[in-house]
Undergrad: 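First the structure, which I've put down as structure tokens, then a few questions once you've had a look.
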Amino acid sequence: MPSLRTDALVLRYTDYSNSSRIFTLFTRDLGKVDAIAKGSRRLKGPFENALDLLSVCDIVLLYKSNETLDLVTEACLVERFAALGANLATMYAGCYLAELLTELTQPHDPHPRLFDSAVITLRYLNHSPLDRRRIMRFELALLRELGLMPSLETCVHCGMPPVSAQANQSVAFGLATGGVICAECRPGQPHVATLSGQTLELLRALTQRGNAWRSIGAPRDENMAREVVASIICHLLGRRPRMHRYLFSGNEM
């Protein structure tokens with residue numbers, strides 16, 4: 001069995017015995033893995049300060065090519081995100097991120113950039129109004145890495161550019177087909193939302209580097225962008241994510 005040292009984000013775990021747990025980990029070099037860590041339930045065991053939920057650990061993994069569980073033999077805590085334990089809304093956001101990684105990624109399919117995006121998102125969640133946009137940035141990064149990024153520049157049907165995104169213009173967006181739709185292709189298309197130019201600009205900014213995503217659009221544009229991204233995620237899963245009902249609910253954010 002080959003061993004591999006890699007960073008891992010702990011997505012979830014279940015107790016396996018009096019002393020061991022089974023973990024779902026999103027690793028930087030192997031992607032998602034299910035692995036057992038023997039002795040991880042012991043207070044004075046070999047993993048005493050590592051492998052907490054939503055923590056980043058440096059692990060040594062014995063990789064098994066068959067369908068049996070991989071084996072974690074070493075784990076050292078790299079980063080724990082203090083904000084997740086300080087506020088319930090922030091913890092819900094972190095658990096939502098973990099749910100998406102668990103449900104939408106495939107075992108042993110590495111996405112190093114997605115791993116980095118997840119860690120950066122968790123690092124900067126801080127119970128502020130920008131957290132909603134940070135989560136959308138992560139969702140769009142996830143869709144891009146999985147090859148499921150919606151078309152934000154050209155018509156998803158014919159490839160022609162839609163109407164230029166301006167504040168006083170609207171653009172059709174196919175929620176099922178995943179992208180903007182030009183005026184010629186719009187008739188007869190089901191599940192189409194109408195976005196303002198500012199909403200489309202916000203969605204574009206959320207996929208790009210820089211800080212423009214922080215300030216583009218009014219609250220109504222952010223709410224519409226949130227609905228669009230949520231609809232795409234629900235369509236891919238075939239259901240609403242379990243943590244979605246808790247995500248920024250009420251007046252906490």
Side-chain angles (χ1 to χ4, degrees), residues 89-90 93 96-97 100 104 111 113-114 116-118 120-237 240-241 244 247-249 251-253:
T90 311
Y96 174 72
L97 181 151
L100 294 186
L104 289 175
H111 291 279
R113 288 187 298 181
L114 182 57
D116 293 341
S117 178
I120 290 170
T121 301
L122 291 170
R123 184 178 295 151
Y124 288 102
L125 288 174
N126 58 6
H127 190 51
S128 77
L130 283 178
D131 283 359
R132 288 166 56 94
R133 298 191 177 200
R134 288 191 174 96
I135 288 294
M136 280 194 286
R137 275 173 69 80
F138 173 77
E139 289 168 319
L140 291 166
L142 173 67
L143 294 174
R144 181 176 58 246
E145 280 294 306
L146 299 182
L148 300 169
M149 183 68 184
S151 176
L152 301 177
E153 302 291 342
T154 60
C155 176
V156 71
H157 290 283
C158 70
M160 295 296 291
V163 175
S164 299
Q166 298 179 14
N168 62 344
Q169 296 174 322
S170 61
V171 179
F173 189 98
L175 298 174
T177 53
V180 293
I181 303 174
C182 69
E184 287 74 17
C185 296
R186 170 64 180 86
Q189 295 295 330
H191 309 297
V192 174
T194 300
L195 309 185
S196 70
Q198 281 289 89
T199 300
L200 183 57
E201 279 298 291
L202 172 58
L203 286 168
R204 290 172 175 169
L206 288 167
T207 68
Q208 298 167 356
R209 295 183 178 182
N211 293 318
W213 61 273
R214 294 171 174 261
S215 57
I216 288 178
R220 65 178 179 275
D221 301 308
E222 181 179 300
N223 291 337
M224 189 65 215
R226 174 73 256 161
E227 291 180 18
V228 166
V229 176
S231 295
I232 295 172
I233 295 293
C234 292
H235 178 73
L236 292 173
L237 285 174
R240 186 172 294 274
H244 196 270
L247 193 63
F248 309 133
S249 59
N251 298 316
E252 291 184 279
M253 298 305 302

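FYI, the numbering just counts along the sequence from 1.
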Undergrad: Could you tell me whether the side chain of Leu97 reaches within less than 4.5 Å of the side chain of Leu142, counting heavy atoms only?
TA: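 Heavy-atom side-chain distance check fails, nothing below 4.5 Å.
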Undergrad: Could I get the full list of salt bridge (Lys or Arg N to Asp or Glu O under 4.0 Å) partners for Arg137, not counting sequence neighbours?
TA: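 Arg137 satisfies salt bridge (Lys or Arg N to Asp or Glu O under 4.0 Å) with no other residue.
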Undergrad: For Arg133 and Trp213, indicate whether the former's side chain and the latter's backbone hold a donor-acceptor pair under 3.5 Å.
TA: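 Here the side-chain-to-backbone pair exists.
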Undergrad: With the side chain counted from C-beta on, respond yes when Ser117 and Thr121 share a heavy-atom pair under 4.5 Å apart, and no when they do not.
TA: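 Side-chain contact under 4.5 Å: yes.
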Undergrad: Set out, in order, the CA-CA distance, both residues' side-chain angles and the distance that settles side chain to side chain donor-acceptor pair (under 3.5 Å) for Asn126 and Thr90, then state yes or no.
TA: CA-CA 7 Å; Asn126 58 6; Thr90 311; over 6 Å; no
Undergrad: Atom SG in Cys234, atom CZ in Arg240: separation rounded to 0.5 Å?
TA: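 Cys234 atom SG to Arg240 atom CZ measures 4.5 Å (nearest 0.5 Å).
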Undergrad: Rounded to the nearest 0.5 Å, what separates atom CG in Leu237 from atom CG in Leu104?
TA: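 These two atoms lie 4.5 Å from each other.
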Undergrad: First locate atom CG of Leu140, then atom CD1 of Ile232, and finally report the distance between them rounded to the nearest 0.5 Å.
TA: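 Output value for this atom pair is 7.5 Å.
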Undergrad: With a 4.5 Å limit on heavy-atom distance, are the side chains of Val180 and Thr154 in contact?
TA: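 No - every pair of side-chain heavy atoms lies 4.5 Å or more apart.
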Undergrad: Taking the side chain as everything from C-beta on, heavy atoms only, tell me whether Val229 gets closer than 4.5 Å to Leu203.
TA: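 Yes, their side chains come closer than 4.5 Å.
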Undergrad: Assess whether atom CZ of Arg214 is packed by more than 12 heavy atoms of other residues, nucleotides or ligands within 6.0 Å.
TA: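 For Arg214, atom CZ is crowded (more than 12 foreign heavy atoms under 6.0 Å).
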Undergrad: Report yes or no: does Ser231 contribute a side-chain atom to a donor-acceptor pair with the main-chain N or O of Glu227 at less than 3.5 Å?
TA: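 Yes: the side chain of Ser231 pairs with the backbone of Glu227.
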Undergrad: Find out whether Arg132 and Asn223 are in side-chain contact, i.e. whether some heavy atom of one side chain is under 4.5 Å from a heavy atom of the other.
TA: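 The answer is yes, as the side chains (C-beta and beyond) meet within the 4.5 Å cut-off.
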Undergrad: With heavy-atom distances below 4.5 Å as the criterion, would you say the side chains of Leu195 and Ser170 are in contact?
TA: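 A side-chain contact under 4.5 Å is absent here.
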Undergrad: Of the non-hydrogen atoms in His244 and Ala230, which two are nearest, and what is the gap between them?
TA: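 His244 and Ala230 have their closest heavy atoms at NE2-CB, 3.5 Å.
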Undergrad: Measuring from Thr194:OG1 to Phe173:CZ, what's the distance to the nearest 0.5 Å?
TA: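 One finds 12.0 Å between OG1 of Thr194 and CZ of Phe173.
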Undergrad: Kindly indicate, with the supporting measurements, whether the criterion side-chain contact (heavy atoms from CB on, under 4.5 Å) is fulfilled by Met136 and Glu222.
TA: CA-CA 10 Å; Met136 280 194 286; Glu222 181 179 300; 4.1 Å; yes
Undergrad: With side chains defined as the heavy atoms from C-beta onward, is the minimum distance between Arg204 and Glu153 less than 4.5 Å?
TA: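 Result yes, sub-4.5 Å side-chain heavy-atom pair found.
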Undergrad: State the OG-CD distance between Ser196 and Glu201, to the nearest 0.5 angstrom.
TA: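 If we round to the nearest 0.5 Å, Ser196:OG and Glu201:CD are 10.0 Å apart.
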Undergrad: Checking side-chain contact (heavy atoms from CB on, under 4.5 Å) for the pair Leu202/Met224: CA distance, chi angles, key distance, verdict?
TA: CA-CA 10 Å; Leu202 172 58; Met224 189 65 215; over 6 Å; no
Undergrad: Can you find a pair of side-chain heavy atoms, one from Leu125 and one from Leu122, that are under 4.5 Å apart?
TA: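 Result yes, sub-4.5 Å side-chain heavy-atom pair found.
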Undergrad: Salt bridge between Asp131 and Arg134, side-chain N to carboxylate O under 4.0 Å?
TA: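 A salt bridge is present here (some side-chain N lies under 4.0 Å from a carboxylate O).
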Undergrad: Which pair of heavy atoms, one from Leu143 and one from Pro150, lies closest together, and at what distance?
TA: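 Scanning both residues, the minimum pair turns out to be CD1-CD, 4.0 Å.
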Undergrad: List the atom pairs, donor and acceptor, that lie under 3.5 Å between side-chain atoms in residues 182-193 and the rest of the protein, sequence neighbours left out.
TA:
from, atom 1, to, atom 2, distance (Å)
Gln189, OE1, His157, NE2, 3.2

Undergrad: Once rounded to the nearest 0.5 Å, what's the spacing between atom CD1 of Ile135 and atom CG of Leu100?
TA: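 Between Ile135 CD1 and Leu100 CG, I get 8.0 Å after rounding to 0.5 Å.
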Undergrad: Give a yes or no on whether a salt bridge exists between Glu139 and Arg226, defined as a side-chain N under 4.0 angstrom from a carboxylate O.
TA: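 Salt bridge: yes.
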